[in-house]
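Take a look at the structure below.
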2 protein chains.
Amino acid sequence: MFSKTCEYAIRAVIFIAQQTREGGRVSIKDVARGINSPEHFIAKILQELSRKGLVQSAKGPTGGFYLDHASLQQSLADFVRAIDGDRVFSGCGLGLKQCSESHPCPIHHQFKSIRNQLMVMLESTQIGGFTRELEAKMAFLKQ
Amino acid sequence: MFSKTCEYAIRAVIFIAQQTREGGRVSIKDVARGINSPEHFIAKILQELSRKGLVQSAKGPTGGFYLDHASLQQSLADFVRAIDGDRVFSGCGLGLKQCSESHPCPIHHQFKSIRNQLMVMLESTQIGGFTRELEAKMAFLKQ
DNA sequence: AAAATAAAAGAGTTTTTTGTCTTTTATTGC
DNA sequence: GCAATAAAAGACAAAAAACTCTTTTATTTT
Ligand code: FES
Ligand code: FES
């Protein structure tokens, strides 16, 4: 569904949101540990998200990653788009070069419906909204 | 969503179903042309599906691929499972090693709902059911 | 200013996926 | 039996995705 990169990205950002809910920063090392991902790999990913302004970072001691007010309110869809592009939201389920109403593949209508529901779900969920569940250990970011 | 291999596979099998609706066989060359896929690649894929009994084939002149009564009734889900395994149907949306009700990722509930709808859709659609739309040029297997 | 810290950047490597080419095997029609 | 046809099989090759390692840059603390 999503690329591994994208899965790590979302887990990482949710983790950062939780860890920094009352200010502070969190280091790459801690993120990697917190979501059980390869450290250098998640570093690259966060670097990219940082360039795109979807996460904030600071160098040096006391540095690390955090989310500003705007980032906390970004939807999951924004992060998916930043990493995987919009093929998830608009790509053809059977791999036609382009999904089209007027030149549809055989499963277009059914597929589109599900794809849209996925999109609505991702658009309406903001990255900062999972803190409570994580605190209550009703949701997890690693095995 | 699906691997390229799986996308080609489904398009190929739908094509075979259509082309052989009144008996006959269809060659790899024709399949490749019909769905606009690399010829040798789709050959490999059909070989695999043939081994698993999801499509039928015959060598030699008058040979080619076709679908027996049972294969025509297989669901899209059966083909997806044969190629991509069941990660589509039961994998965690955020890449946790295993999707679990008791150790869920933050988007488990929402994701599961969509994943299930996808599954129901794929389970309830049989590969042989697209002939009419294709004939009427209301659906297409290539650009 | 120097040392320590932590992200940024860049240059790999490995693995998986996707795609190609060649040879072999089976079947048919003559 | 022989030539032609078409899939099966196997070995490669290219591209993309996933992952690693090393060096640089910015910041803070002492
Ligand atoms: S054309 Fe295939 S999903 Fe729209
Ligand atoms: S645990 Fe992530 S989808 Fe079920």
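Every chain is numbered from 1 and lettered A, B, ... according to where its sequence line falls, protein lines coming before strand lines. Excluded from the calculations below are hydrogen atoms, water molecules and symmetry mates; all remaining heavy atoms, backbone and side chain alike, are included.
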Charged N to carboxylate O under 4.0 angstrom, [X] versus [Y]?
X	Y	value
B:Glu39	B:Arg33	no
A:Glu7	A:Arg11	no
B:Glu135	B:Arg132	no

### Query
In whole angstrom, what separates B:Leu49's CG from D:dA9's C1'?
16 Å
### Euclidean distance, atom CZ of residue B:Arg25 to atom P of C:dA26 [Å, nearest integer]
17 Å
### Validation row: A:His108, A:Cys99 side chains within 4.5 angstrom (heavy atoms)
yes
### Query
Can B:Gln117 and A:Gln117 be counted as having a side-chain donor-acceptor contact under 3.5 angstrom?
yes
### Distance-only side-chain donor-acceptor flag, B:Gln56 / B:Ser71, under 3.5 Å
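Checked: B:Gln56/B:Ser71 side chains pair up, N/O donor to acceptor below 3.5 Å.
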With the criterion being N/O to N/O and under 3.5 Å, what pairs connect the protein with nucleotides 4-8 of chain D, and how long is each?
unit_1 : atom_1 : unit_2  : atom_2 : d
D:dA6  : O4'    : B:Gly60 : O      : 3.2
D:dA7  : OP1    : B:Ile28 : N      : 3.1
D:dA7  : O3'    : B:Ser57 : OG     : 3.4
D:dA8  : OP1    : B:Ser50 : OG     : 3.4
D:dA8  : OP1    : B:Ser57 : OG     : 2.9

With 3.5 Å as the limit, what N/O pairs link the protein to nucleotides 16-19 of chain D?
unit_1 : atom_1 : unit_2 : atom_2 : d
D:dA18 : OP1    : A:Lys4 : N      : 3.0
D:dA18 : OP2    : A:Thr5 : OG1    : 3.1
D:dC19 : OP2    : A:Tyr8 : OH     : 3.4

### Message
Once side-chain contact (heavy atoms from CB on, under 4.5 Å) is applied, do any residues pair with A:Ser27, and if so which ones, sequence neighbours excluded?
### Response
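For A:Ser27 the side-chain contact (heavy atoms from CB on, under 4.5 Å) partners, ignoring immediate neighbours, are A:Lys29, A:Asp30.
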Check whether [X] reaches the backbone of [Y] with its side chain - one donor and one acceptor, N or O, closer than 3.5 Å.
X	Y	value
A:Thr20	A:Gly23	no
B:Ser124	B:Met121	yes
A:Lys52	A:Ala82	yes

### Message
Using the salt bridge (charged side-chain N to carboxylate O under 4.0 Å, His left out) criterion, which residues pair with B:Arg81? Sequence neighbours excluded.
### Response
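Expected list: B:Asp78, B:Glu123.
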### Task
Classify the angle between the aromatic ring planes of A:His103 and B:Phe140 as parallel (below 30°), tilted (30 to 60°) or perpendicular (above 60°).
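Judged by the thresholds at 30° and 60°, the geometry between A:His103 and B:Phe140 is parallel.
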### Task
Dot-bracket notation for DNA chain C is requested: 5' to 3', Watson-Crick or G-U wobble pairs only, both distances under 3.5 Å, with ( ), [ ], | and . as defined.
||||||||||||||||||||||||||||||
#### Entry: Taking every non-hydrogen atom, the tightest pair across A:Arg115 and A:Cys92
NH1-N, 4.4 Å
### Message
Can you list, in residue-number order, the parts of residues 78-99 of chain A that come under 4.0 Å of DNA chain C, counting heavy atoms only?
### Response
none
